[in-house]
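Read through the structure below, which is laid out as C-alpha cells, and then see the notes.
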Amino acid sequence: MIGCPGDERITPALWGMAAILTLGGFLSMFTSTVVNVALGTIAAEFHAPLGTAQWIATGYLLALAAMVPVSGWASRRFGATRLWLGCVGLFALFSGLCAAATSIEALIVFRVLQGAAGGLLVPAGQILFAVAAGPKRLGRMMTVLSIPIYLAPVLGTLSGSLLAEGLGVPALFLVNVPISVLSLLLGRKWLPRESPEAARSLDLRGLLLTVSGLPLLVYGVAEPAPLPAIAGAILLAVFAVTALRSRAPLLDLGLFRDGAFAAAAAVIFCMGIAVFGAMIVLPLYYLDVRHESLVATGLLTAPLALGTVVALPLAGRLTDRIGGARVIFAGLIVTIAGTVPLALLTGSDGYGWLSAVQIVRGCGIGLTTTPALAAGLILVAKERISHAMPIFAMLQRIGASFGTSILTAVVSARLAAAPGSAEAIADTHWWIVGVTAIVLIPSWILVRAESRRRMSKMD
C-alpha cells in the first residue's frame, strides 16, 4: 500500500514506486546523451553528412518537447499509470527499430517517435508520483525522480563513446531495450492502478498551438533561427490567450494568478537557463584550453552531477520540514559561491580544485531546482497537478534552450576573439553568475509568500 498522501511517513511501497519511475525516467535522459556524443560515428556509419545526422539528436529533443503539453491531458484521460506503461513499451519498440534502421532517414523517423514516447513518459511518472506522495512527502520524494536528470548526462557521455567504439552503432539504441522491459515488468506489477478522470474533450486548438509552438520556439532559440523562434513565440502567446478564456484548456494557465506559483515558475525557468545552459561552457575549457579527450572531459565534469545528487536528499528533507522557498534561496547562494571561482579560471588551475568547486556548485543546484518544483506543486490542488507539472516542464525546457543559445553565443564570441583562452571561458561564467543572482528575486518573493501562508495557517 502506498499510504495516505497526507501521511509524513515514506512507506516501502512508495520507495519501490520511486525506484520504478526513476528507472523509467532515466531512459529518456540517458538515450539523449548517449546518442549525442556519437553523432560523428553514426554519420560515418550511414555515409551521411554530419548536418543530417544532427537531426537524430534534434528530432528527438523536439519531439520530447512537443509531447510535454499533451502529457497532462493524456494522464487525466487514460490514467497516469496506464500512460506511463504504454510509453515505456513504445520506447522499447522504437529503440529496437532505431537499432535495426538501414538508412539515416529511417533512423531519424524512429528517433522522433522515440522522443514522442519519452516526452509523455517523464511527465506521466512525475504526475503519478506527485499525487501519491502528497504535500508532506513531496520534497523528499521528488528529489528521487530528479536523480536521472543529473546522472544520465554523465553516464550517457561515457557510455556513448564506449558503446559506439566497442559494439557499434546499434548498441547505442539496444541498450535501452532491457531497461525498458525491466521497467515495464516492474511497473505492471507494482504501480498503482488509478481510475481515469471523466473524459473531457481534448482542446484541439490548444493541442495544435502547443505541439507546434513549443518545438519551434525551442529549436529557434537553440540554433539560433529567428523565424522559427518568433513563430513559436507567437503560437504560444495565442495559446496563452485562448487557454485563459477556455473552460477546459489543455493546460490551466489560471494557476499563474497565484503569485507564489508564478514565483516558483520563474525560478524553474531561470534555473533552466543557468543550469542547463552552463553545461556547455566548462566542457569547452577542458576540450579547447586543456586539450583533454571527450572521455576525460566527461570524467572531469562529473563532480557537478555528484554534488547535485549528494545534495538532493538534504534538499528534500529540508523542503518537507521548513518549506522549499528558504531552501531555494540558500541553494542560490551556494550556487553563486560555486560559480564565481569558475569565473576566475586560468589555464593552469588544478583539477582537484576545479572538482571541489564543481561539487559546491552542484550542491547549490541540488538545493535549488527540485525544491522549486516541490514548492510550486505544494500550492496546487491534487486535481490540478496534471496541469502544473507540464507547465513547469515546458518552462524548464524553454529556459534550457534560452540558456544554451545565449551562453553558446557568448562563449563562441569570446573563443573566436581569443582561441583556446581560459579567459573566454571565465568571462562566460560571469554571465552565469548574473543569471543565478537574478533568480534571487523570485525566490525571495516565494519566501515571503510561504511565510504568509504559514502565518495564515497558524491564525
Side-chain angles (χ1 to χ4, degrees), residues 25-68 91 94-99 101 103-122 148-149 152-165 168-176 214-225 228-229 232 272 276-277 279-281 283-284 287 294-295 297-298 301 393 396-405 407-408 412:
F26 177 81
L27 282 167
S28 179
M29 303 299 299
F30 176 76
T31 194
S32 174
T33 312
V34 78
V35 172
N36 289 0
V37 299
L39 286 177
T41 303
I42 295 173
E45 177 81 11
F46 287 96
H47 306 289
L50 185 59
T52 302
Q54 182 66 39
W55 279 99
I56 298 168
T58 303
Y60 178 86
L61 293 175
L62 293 180
L64 205 71
M67 289 297 103
V68 169
F91 201 90
F94 295 134
S95 294
L97 290 173
C98 285
S103 69
I104 192 69
E105 292 81 9
L107 180 54
I108 291 171
V109 170
F110 293 140
R111 276 288 283 177
V112 169
L113 294 172
Q114 188 187 46
L120 291 170
L121 172 66
V122 175
I149 295 175
V154 176
L155 297 177
T157 300
L158 298 176
S159 302
S161 302
L162 297 174
L163 287 171
E165 293 177 7
V169 169
L172 296 169
F173 307 100
L174 288 175
V175 69
N176 297 319
L214 183 60
L216 281 172
L217 180 61
V218 169
Y219 173 76
V221 170
E223 279 306 303
F276 295 99
M279 287 182 177
I280 68 166
V281 181
L284 292 175
L287 290 168
L294 184 62
V295 174
T297 297
T301 53
Q396 188 179 67
R397 291 182 189 281
I398 295 171
S401 298
F402 271 94
T404 301
S405 177
L407 294 177
T408 297
S412 297

Any donor-acceptor pair under 3.5 Å linking the side chain of Arg397 with the backbone of Ala65?
-> no
Would you check if the distance from the ring center of Trp55 to the ring center of Tyr219 is below 6.0 Å?
-> yes
Atom of Thr31, atom of Phe91 and distance for their closest heavy-atom approach | CG2-CZ, 3.5 Å
Which value, rounded to the nearest 0.5 Å, describes the distance between Leu113 atom CG and Ile108 atom CD1?
-> 12.5 Å
For Phe46 and Val169, work out which heavy atoms get closest and say how close.
-> CE1-CG1, 4.5 Å
Go through the steps for Leu61 and Val218 under the test side-chain contact (heavy atoms from CB on, under 4.5 Å), then give the verdict.
-> CA-CA 9 Å; Leu61 293 175; Val218 169; over 6 Å; no
Taking all non-hydrogen atoms of both residues into account, name the closest pair between Ile280 and Leu407 and its distance.
-> CD1-C, 4.0 Å
Roughly how far, to the nearest 0.5 Å, is the OG atom of Ser401 from the CD atom of Gln396?
-> 10.5 Å
Please walk me through it: do Ile104 and Glu45 pass side-chain contact (heavy atoms from CB on, under 4.5 Å)?
-> CA-CA 9 Å; Ile104 192 69; Glu45 177 81 11; over 6 Å; no
Please examine the side chains of Val35 and Tyr60, heavy atoms only from C-beta on, and report whether any two atoms are closer than 4.5 Å.
-> no
Taking every heavy atom of Arg111 against every heavy atom of Cys98, the minimum-distance pair comes out as N-SG, 3.7 Å
What do the steps show when you test Ile42 against Leu172 for side-chain contact (heavy atoms from CB on, under 4.5 Å), and what is the final call?
-> CA-CA 10 Å; Ile42 295 173; Leu172 296 169; 3.9 Å; yes
Do Leu97 and Leu107 touch side chain to side chain, with heavy atoms closer than 4.5 Å?
-> no
Closest non-hydrogen atom pair, Leu62 against Pro215 = CD2-O, 3.3 Å
What are the two closest heavy atoms between Pro228 and Gly220, and how far apart are they?
-> CB-CA, 4.1 Å
Would you please test Phe94 and Val112 for side-chain contact (heavy atoms from CB on, under 4.5 Å) and show each step?
-> CA-CA 9 Å; Phe94 295 134; Val112 169; over 6 Å; no
Heavy-atom side-chain contact between Met67 and Leu121 under 4.5 Å | no
Where the side chain of Thr301 meets the backbone of Thr297, is there a donor-acceptor pair that is under 3.5 Å apart?
-> yes
Please confirm whether the backbone N or O of Leu174 pairs with a side-chain atom of Ser95, one donor and one acceptor, at under 3.5 Å?
-> no
